[in-house]
Protein chains: 2
Amino acid sequence: MATVSHPYVPRDLQLPGYVPLAFSQFDIVVPYVSASVLVVAAIWILSGYFPKLSKVDRVLICWWVFTGFTHIIVEGYFAFVPDFFRRKSPFYLSEVWKEYSKGDSRYVGRNSAIVSVEGFTAAIEGPASLLAVYAIASRKPYSHILQFAISLGQLYGCVIYFATAILDGDNFSTSPYYYWAYYIGANSSWVVIPTLISIRSWKKIAAAFEAENKRKIS
Amino acid sequence: MATVSHPYVPRDLQLPGYVPLAFSQFDIVVPYVSASVLVVAAIWILSGYFPKLSKVDRVLICWWVFTGFTHIIVEGYFAFVPDFFRRKSPFYLSEVWKEYSKGDSRYVGRNSAIVSVEGFTAAIEGPASLLAVYAIASRKPYSHILQFAISLGQLYGCVIYFATAILDGDNFSTSPYYYWAYYIGANSSWVVIPTLISIRSWKKIAAAFEAENKRKIS
């Protein structure tokens with residue numbers, strides 16, 4: 001067997017040129033959570049100055065800013081910097097993905113399904129999420145269909161993400177802790193929240209046509 | 001090198017128990033095209049008896065019937081019969097997939113991204129396509145959002161399908177003929193038509209909200 005110099009599972013995964021993690025889990029998770037909380041808090045306060053926005057709209061704006069920046073910055077870095085795990089000098093975003101790969105080594109292994117899903121998410125869904133912020137704030141008529149489209153894309157990404165893992169043996173996690181904390185835990189928001197938004201948008205859109213139909217009849 | 005007893009590329013693809021194709025290309029393609037034309041023609045004629053349906057609605061109904069049955073029967077067989085290429089007695093649907101695999105050997109090789117996309121398409125988008133037929137025919141208020149959702153799912157499937165092939169080296173086709181006829185040709189309808197339907201549904205939905213907004217102002 002080849003010598004293995006990385007912490008990932010499966011143990012026979014080949015990662016030529018892999019540079020070990022330099023940051024601790026604390027140094028990786030705390031800045032991400034803090035930056036997210038700060039951004040969301042700032043957006044929540046700012047959105048309060050728009051008198052026409054309901055509380056639900058403001059919560060949605062916070063979500064779309066958070067998910068948009070996560071898609072563009074964090075996932076964009078992963079998708080479009082293929083050699084992130086070989087970088088000599090530690091860089092925050094490459095450390096994020098080396099740490100996350102303890103929950104799913106297909107990231108550091110650059111599995112093609114993962115790169116496809118993440119590339120599409122970063123390049124299309126990320127900018128579309130920021131467009132959704134503008135659409136909600138300025139009450140555009142395409143606001144619901146745009147939110148529905150992005151949410152469905154996020155859900156489809158999750159289906160491919162989890163289904164390919166199961167089909168390929170579901171053995172990409174260093175330990176049950178990382179399996180539940182990273183692979184399941186970190187992704188769960190992108191299952192639950194897009195589901196809720198999809199249902200809401202679907203109902204709003206169906207209601208708009210229902211109202212239109214009634215008007216035509218009366 | 002191991003002995004290779006299959007016609008697929010890459011030549012080192014291992015397919016233990018592979019049973020060679022028994023049907024000719026003609027015997028595979030002609031029944032599929034004939035059955036599709038027959039079904040579409042029957043649905044076109046039948047839908048003419050619904051006086052309230054526009055020609056566009058009737059064309060859409062034909063599409064949803066065709067794509068729904070293709071998803072459920074043809075793709076459903078592939079997704080949920082993993083050993084189709086080992087079946088001793090020739091069966092039409094297993095012959096279809098052994099033939100199509102000349103354009104993309106990831107099918108016979110049961111690549112996990114392909115199985116995930118096809119499984120979701122067969123189990124969710126197939127039945128949803130038939131629901132779209134009912135929704136259009138009975139003018140349900142969710143008709144446009146449902147058609148939009150399925151079309152987006154089909155497009156997302158195509159993105160993953162083509163992106164994973166490119167990332168994995170784009171070397172799964174027996175010859176340029178099969179590459180263009182099967183891999184590109186047979187899939188192109190599921191890029192073009194869902195794109196057109198998505199754009200149409202998006203516009204219809206945005207227009208419904210535009211009308212609602214105007215009514216509230218006036």
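Because only heavy atoms are used, hydrogens play no part in the values below, and waters and symmetry mates are left out as well, while side chains stay in. Worth saying up front: this structure is predicted, and the values here are computed from it rather than measured. Throughout, a chain's letter reflects where its sequence line sits, starting with A, and its residues are numbered from 1.
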task: Show your reasoning for whether side-chain contact (heavy atoms from CB on, under 4.5 Å) applies to B:F78 and B:V115.
output: CA-CA 8 Å; B:F78 165 75; B:V115 176; 4.1 Å; yes

field: Working for side-chain contact (heavy atoms from CB on, under 4.5 Å), residues B:F148 and B:I197
entry: CA-CA 7 Å; B:F148 182 78; B:I197 295 177; over 6 Å; no

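Ranked by heavy-atom pairs under 4.5 Å with chain B, the first of A:I114, A:I124, A:V159, A:I166 is A:V159. The choice from A:A211, A:A165, A:A149 that makes the most heavy-atom pairs within less than 4.5 Å of chain B is A:A149. Contacts with chain A were tallied for B:G157, B:A207, B:G119; B:G157 has the most, counting heavy-atom pairs under 4.5 Å. Contact count versus chain A (heavy atoms, under 4.5 Å) is highest, among B:F209, B:F120, B:F162, for B:F209. The choice from A:I160, A:I145, A:V117 that makes the most heavy-atom pairs within less than 4.5 Å of chain B is A:I145.
Interface remark: B:I205 contributes backbone and side-chain atoms alike to the contact with chain A (heavy atom separation under 4.5 Å). Heavy atoms closer than 4.5 Å to chain A are found in both the backbone and the side chain of B:L146.
For A:L46, the side-chain contact (heavy atoms from CB on, under 4.5 Å) criterion is met by no residue, not counting sequence neighbours.
When all heavy atoms are compared, the tightest approach of B:V191 to B:C158 is CG2-SG, 3.9 Å.
Residue A:I193 holds its CD1 atom at 11.0 Å from CG of A:L155, rounded to the nearest 0.5 Å. One finds the CD1 atom of B:I61 at 12.0 Å from the CG atom of B:L130 (value rounded to the nearest 0.5 Å). For the atom pair B:L53 CG and B:I136 CD1, the distance stands at 8.5 Å (nearest 0.5 Å).
Surrounding CZ of A:F50 are at most 12 heavy atoms belonging to other residues, nucleotides or ligands under 6.0 Å away.
Contact annotation: the side chain of A:L93 approaches that of A:V74 to within less than 4.5 Å [non-hydrogen atoms, C-beta and beyond].
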Under 3.5 Å, which donor-acceptor pairs link chain B to chain A? Give each pair on its own line with the distance.
from	atom 1	to	atom 2	distance (Å)
B:S112	OG	A:D168	OD1	3.3
B:S112	OG	A:D168	OD2	2.7
B:S116	OG	A:T164	N	3.4
B:T164	N	A:S116	OG	3.4
B:D168	OD1	A:S112	OG	3.3
B:D168	OD2	A:S112	OG	2.7

